[in-house]
J.: 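Below you will find the structure I want to go over with you.
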Amino acid sequence: MGREMTVRLDVNLPDVRDWRDVLEQVDAPLREAGFVGREPPPGFSEVAPLLTPPQQVSWLTDGFAEATRSQGPLSSWKGVFAPEDALARQRLDALVAAGEAFAPEVAALVRWTLGISPEQPVARVVPALWNYQGVVLRRFFEALVQRWPESLPLEQLPATAPLREHHPAASGPIRFPQARWVPGDGEGEESLSRGQVLSEALLALWRVGAEDAELVRFHEEFLREWGREPDTLARWLNVAGPDAARLDALRTRLHAPGPVQLEARPLRSYESVRERINSILGEGRCSVDEAARRLSPVERVTWALDELYAAMCRQSFHLWDQSWVERDFDGPGLVSRIAVAARELEPLASDLFQWTARWARERGIPLISMVPEVWPDGLDAGESFIRAVAERWPEELEPQSLPEPPRWSRPLLAPSTGSVRYPDVSIGFTPQGSGCPVQLLTEASSHRIASRVLFALWSAGVSDAELAAFHREYGNASKREPEVLSSWVLFDGDGGDAARREALRERLHPQHPIAKWMGVAELDWPVFLLVDEEDLDVLQPHLSRPELERHRPSPERSFTQWLRSMLRMDPDWLMLSASELDADGARMLLEASLTGHSVIVGGDGAGVERLREVFREVQLPWERVLDYRRGRGRPMA
């Protein structure tokens, strides 16, 4: 069969096989070859030699049909849009062209889709356009599988260019008056959904030849005009008669409270939803109100939870609080609705999301910086909750249509009048508290301890006012953290003792290694220290970058050039040999000391004398320098 010939299957061809049988026949050789479940999935060039022509048709069409059902971006469609498998697109396009007589419009729509690159703006429209075409697409593909001649290899099909006439938008009040929105086959307005209306309207515009850019524009307008779907449709298509009445009913139904029922089994992966969100929002250069309107319900739900979760991870709740109420978009209210509706999936995370959103909405206590401090021990549960919601949220369940959630409340734990404010909250701070339900790692920082205690208090039902009081008291403790902890929770489960509290204090505030070397309890910052040259190598291991920067002589740059570069990095300590100091370097070093950098100078000689001269120039007492060189007596105070 020559490439110049046109191949068209006769619509009157009889069925010669059952498409279900072919599906089963495809599975066996692919499984034997190790292709089933392989990541990345095999390309068409790998599977084609193992399959007969009808089986190749089944493999290609099944991949396309599965992709339309997944509703992901084109870059995730298996088999047909993988950049490394252009052969799959070519073969699928040719076989659909050969069988277009079975369903001309579906064939044209498939071929149009195959010609779109995932990077084009119209790629965002394709999943929505196919949303409610799954049944007719499946029937078309089944007909091809059932009737494809065994003797017709796909590689012999000629390549042809699909033809689609384009028509410009009209200049009147309706951009495409020749396009008519016709509702689906359901009976009554209860059969409609916002996604179905969008899909049917896009198909109507595609049928009359609207250009890809016009499809993109309509898609964006429809998603952005939340609650005004009839007005958007009326600007673009011919909507009249009973269809208009049904659309008005849709407006009421979509934005009225309704029951919530999450899917019993996962419908999709979190990663696929996240990919859809990233594809639609791109770099995120739009307002939250506009972003929310661009997304489908399940995308909007996942995006809203993700953004608040990210704010907790980045300690940027104040920024989220400032930006997530805009125009008609109430971000905290949306999160609250989602958290209440999906509480059965992960109650702890649901309560955290509700409590956090409540702060932004009600501002019961203006200590907003405390909220992220409660979250670290709840981050794992929060991630699990987001994933479960993304996997099970019904595709067309609009979160804005859910009932207004009640004000966040829960049974509160009253404080005790004894020496420990909340003795029911038992936390292990030392090895003797290993039997407590809440444990602190021995290397936990002061900040981490505060966070874990806050989470334990929150989980026990302590009020916001009490959480804020603990947060303030602990933050102002200044080395009295063990005493504050002992007064709020049951230290080690038995109240602790002075020795354990002191051990915790020493762990939280260890003696600085330079102070230990100097033989003093603590340092008075910043420090200007003179030592013997050989002591530089002794002290350096106690400090590390970026805390410490030590100068090493180099012919490529002078000491002053090095010092300017290091000061831009803002280290705590600067270490150098006195022999490297000239007059300019000594002045710069003194300025660095006066601006908060501690300095260690090793050695003696002219460099130290230059330092003395600079101190005299600026009328600073030389006694500010701590001289710990051997043979110099006790350091000058």
Side-chain angles (χ1 to χ4, degrees), residues 314-316 319 443 445-447 478-479 508-637:
R314 295 193 297 256
Q315 301 278 309
S316 58
L319 299 178
E443 64 271 17
S445 65
S446 178
H447 181 270
S478 186
K479 296 189 179 181
L508 293 177
H509 303 283
Q511 185 183 24
H512 196 280
I514 302 300
K516 187 174 182 179
W517 181 86
M518 292 169 61
V520 297
E522 58 185 36
L523 300 175
D524 186 14
W525 303 96
V527 176
F528 204 119
L529 183 63
L530 282 180
V531 301
D532 290 311
E533 184 86 26
E534 59 268 25
D535 285 332
L536 294 180
D537 292 331
V538 174
L539 294 175
Q540 182 172 350
H542 295 298
L543 302 167
S544 60
R545 299 183 67 182
E547 183 183 14
L548 169 84
E549 293 291 348
R550 180 175 178 178
H551 179 251
R552 302 285 189 182
S554 168
E556 283 77 25
R557 60 178 178 175
S558 66
F559 171 77
T560 54
Q561 289 174 323
W562 172 85
L563 185 55
R564 288 191 184 95
S565 175
M566 291 304 104
L567 290 177
R568 285 194 291 269
M569 299 170 64
D570 197 29
D572 294 331
W573 293 82
L574 295 165
M575 180 182 282
L576 63 143
S577 171
S579 62
E580 298 156 13
L581 282 176
D582 56 17
D584 289 340
R587 291 188 186 91
M588 288 181 61
L589 196 63
L590 177 56
E591 291 174 5
S593 173
L594 295 175
T595 55
H597 300 274
S598 291
V599 176
I600 302 177
V601 177
D604 205 339
V608 174
E609 292 306 314
R610 291 189 185 100
L611 274 175
R612 286 180 181 272
E613 289 297 325
V614 171
F615 269 75
R616 281 195 288 268
E617 286 177 14
V618 297
Q619 298 182 347
L620 281 176
W622 179 247
E623 288 74 15
R624 290 173 60 110
V625 177
L626 303 178
D627 194 341
Y628 271 71
R629 293 172 294 177
R630 284 181 288 277
R632 302 284 171 172
R634 296 304 300 159
M636 297 181 181

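Counting begins at 1 with the first residue of the sequence.
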J.: So do the side chains of Met518 and Leu529 get within less than 4.5 Å of each other, counting heavy atoms only?
T.: yes
J.: With rounding to the nearest 0.5 angstrom, report the CG to CD distance, Leu563 to Glu591.
T.: 9.0 Å
J.: Within the 4.5 Å heavy-atom criterion, are Ser577 and Glu533 side-chain neighbours or not?
T.: yes
J.: Look at the side chain of His597 and the backbone N and O of Pro571, then say whether any donor-acceptor pair between them is shorter than 3.5 Å.
T.: yes
J.: Any idea how Trp517 and Tyr628 line up, ring-wise: parallel (<30°), tilted (30 to 60°), or perpendicular (>60°)?
T.: tilted
J.: Using a 4.5 Å cut-off on heavy atoms from C-beta on, say whether the side chain of Val625 contacts that of Leu611.
T.: no
J.: Test side-chain contact (heavy atoms from CB on, under 4.5 Å) on Trp562 and Glu549; report intermediate values, then the result.
T.: CA-CA 10 Å; Trp562 172 85; Glu549 293 291 348; 4.1 Å; yes
J.: Using every non-hydrogen atom in the two residues, find where Leu508 and Ser445 come nearest and quote the distance to one decimal.
T.: CD2-C, 3.9 Å
J.: So, Ser558 side chain and Gln561 main chain: donor-acceptor pair closer than 3.5 Å or not?
T.: yes
J.: If we only count heavy atoms from C-beta on, is the Leu590 to Val618 side-chain gap below 4.5 Å?
T.: yes
J.: CD of Glu580 to OG1 of Thr560: how many Å apart, nearest 0.5 Å?
T.: 12.0 Å
J.: For residues Phe528 and Ser593, report the shortest heavy-atom separation together with the two atoms involved.
T.: CD1-OG, 3.4 Å
J.: Which residues pass the ring pair (Phe, Tyr, Trp, His ring centres under 6.0 Å) test with His512, not counting sequence neighbours?
T.: Trp525, Trp573
J.: Other residues, nucleotides and ligands only: do more than 12 of their heavy atoms fall within 6.0 Å of CG on Asp537?
T.: yes
J.: Determine whether a donor-acceptor pair (N or O, by modelled atom type, separation under 3.5 Å) exists between the side chain of Asp582 and the backbone of Gly585.
T.: yes
J.: Say whether, by atom type as modelled, one donor and one acceptor occur between the side chain of Arg610 and the main chain of Leu581 under 3.5 angstrom.
T.: yes
J.: Using atom types as modelled and distance alone, determine if a side-chain donor or acceptor of Gln511 lies under 3.5 Å from a backbone N or O of Val520.
T.: yes
J.: Atom CZ in Arg550, atom CD1 in Ile600: separation rounded to 0.5 Å?
T.: 9.5 Å
